[in-house]
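Below: one structure, written as structure tokens.
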Amino acid sequence: IKVKIPFGNKYLDAIFSVPEKKPTYGVILTHGAGGDMNFPHLVSLAAHLASHGVLCLRFTCKGLNVAYRAKAFKAVVEYLKLCDDYKLSGVFLAGRSMGSRAAASVICQLSQGDDDDGFIQGLVCLSYPLHRPKLQSKLRDEDLLLLTCPVLFVSGSADEMCEKQLLEGVVRKMKAPKKIHWIDKANHGMAVKGRTADDVMEEVNAQVFSWLRENVQLQHK
């Protein structure tokens, strides 16, 4: 279902992937610096989640400024929270590459304010861009270290923007409950020599869904 989400004086294009049964939880998903919400990995993940009972709202926000992207993400969270068609108990924010940085930034902003009502349940980072290629000395970890909600990282072990040891080091310092799933030999675009894109996406999708399910159950115990 295509929707237009108000954002300042314009609109963000977005698409709902709706499960057959009434969903209790949702995922808001966005793309990296290039591309849009129709990036194949996002389409694949949205379809997988919806087929397993999780509502997925993916949106496009062009703009290479993380603060701007985070503002847009915040507008989408507010939109879903007030959406009469779907009354959700909670939502997970998810993004690919730069989109995951924007998602982490939004969660930090919302959890510091008075408006933290527990609606956001966790964060999924697909190919989190921890550093620029070949620039491992400057880590983009400030928001990650402030998070307190559960976080899942799905990254390629050969990601040129997220060196394995560096992410493991950051994760050790994080206060939040966290998990990393490494896609063996995958690069930043999740491409693996000798494996089809669909095969890699099946692995990513299965990991994301099982982690979501674990975290929803943990919160209900």
(Q) Counting only heavy atoms from other residues, nucleotides and ligands, does the tally under 6.0 Å from NZ of K87 exceed 12? (A) yes

Q: Please say which of H41, R58, R69 ends up in a side chain to side chain contact (heavy atoms under 4.5 Å, CB included) with H31.
A: R69

(Q) Does atom NZ (K22) have a neighbourhood of more than 12 heavy atoms from anything else shown, all under 6.0 Å? (A) no

Q) So, does N65 use its side chain to make a donor-acceptor pair with the main chain of Y68 at under 3.5 Å? A) yes

Q. What residues form a side-chain contact (heavy atoms from CB on, under 4.5 Å) with Y11, not counting sequence neighbours?
A. K4, P6

**Q.** Derivation and outcome, side chain to side chain donor-acceptor pair (under 3.5 Å), residues S105 and Q109
**A.** CA-CA 6 Å; S105 172; Q109 289 169 30; 3.2 Å; yes

Q: Name the orientation class of the two ring planes belonging to F92 and W211 (parallel below 30°, tilted from 30 to 60°, perpendicular beyond 60°).
A: perpendicular

Q.
Nearest 0.5 Å, please: how far is CE in M190 from OG in S155?
A. 5.5 Å

Q: Check whether any side-chain heavy atom of S210 lies under 4.5 Å from a side-chain heavy atom of L212, and answer yes or no.
A: no

Q. According to the interplanar angle, ranging from 0 to 90°, do the rings of F16 and Y86 count as parallel (below 30°), tilted (30 to 60°) or perpendicular (above 60°)?
A. tilted

Q) So, E160 and K134, do they make that salt bridge, N to O below 4.0 Å? A) no

Q: Can you measure from CG (L123) to CG (D143) and round to the nearest 0.5 angstrom?
A: 10.0 Å

(Q) Check whether T60 reaches the backbone of M37 with its side chain - one donor and one acceptor, N or O, closer than 3.5 Å. (A) yes

Q. Below 4.0 angstrom, N of the basic side chain to O of the carboxylate: do K164 and E168 qualify?
A. yes

Q. Hey, are the side chains of R213 and H52 touching, using non-hydrogen atoms and a 4.5 Å cut-off?
A. no

Q.
Quick check against the 3.5 Å criterion: does K175 have a side-chain atom that pairs as donor or acceptor with the backbone of L145?
A. yes

Q: Mind checking the CD-SG spacing from E142 to C108? Nearest 0.5 Å is all I need.
A: 9.0 Å

Q | Hydrophobic cluster identity match, L93 and Y79, side-chain contacts under 4.5 Å | A | yes

Q) How far does CG of L146 sit from CD1 of I107, to the nearest 0.5 angstrom? A) 12.0 Å

Q) For C149, does its backbone N or O pair with a side-chain atom of K178 as donor and acceptor, under 3.5 Å? A) no

Q.
Do I15 and V3 land in one hydrophobic cluster if side-chain heavy atoms of ILVMFWY residues count as linked below 4.5 Å?
A. no

**Q.** ILVMFWY network linking V216 to V54, side-chain heavy atoms under 4.5 angstrom
**A.** yes

Q. Can you hop from W182 to Y128 via hydrophobic side chains spaced under 4.5 Å?
A. yes

(Q) Is there a path of hydrophobic side-chain contacts, each under 4.5 Å between heavy atoms, that joins I5 and L80? (A) yes

Q. Can you tell if the side chain of L152 reaches within under 4.5 Å of the side chain of N215, non-hydrogen atoms only?
A. no

**Q.** Residue Q165 excluded, over 12 heavy atoms near CD under 6.0 Å
**A.** no

**Q.** pair L49-F209: side-chain heavy atoms closer than 4.5 Å
**A.** yes

Q: Over all heavy atoms of both residues, which pair between L29 and G95 is shortest? Give the atoms and the distance, please.
A: CD1-N, 4.3 Å

Q.
Could you check whether E203 and H181, counting side-chain N and O atoms only, form a donor-acceptor pair closer than 3.5 Å?
A. yes

Q.
Just so I know, are the side chains of L57 and V76 near enough to count as touching, which here means a heavy-atom distance under 4.5 Å?
A. yes

Q: Kindly state each residue pair satisfying side chain to side chain donor-acceptor pair (under 3.5 Å) with at least one member in residues 92-101, sequence neighbours excluded.
A: R96-S127, S97-H188

Q: Take the angle between the ring planes of F59 and F73 and call it parallel below 30°, perpendicular above 60°, tilted in between.
A: perpendicular

Q) Under a 4.5 Å cut-off applied to non-hydrogen side-chain atoms, are V170 and L130 in contact? A) yes

**Q.** Separation of F153 CZ from Q207 CD (nearest 0.5 Å)
**A.** 14.5 Å

Q.
Is there a side-chain contact between L88 and P23 in this structure, where contact means two heavy atoms from C-beta onward sitting under 4.5 Å apart?
A. yes

Q) How many angstroms lie between CG in L167 and CG in D141, if you round to the nearest 0.5 Å? A) 10.0 Å

Q. Between the main-chain N or O of M201 and the side-chain N or O of S44, is there a donor-acceptor pair closer than 3.5 Å?
A. no

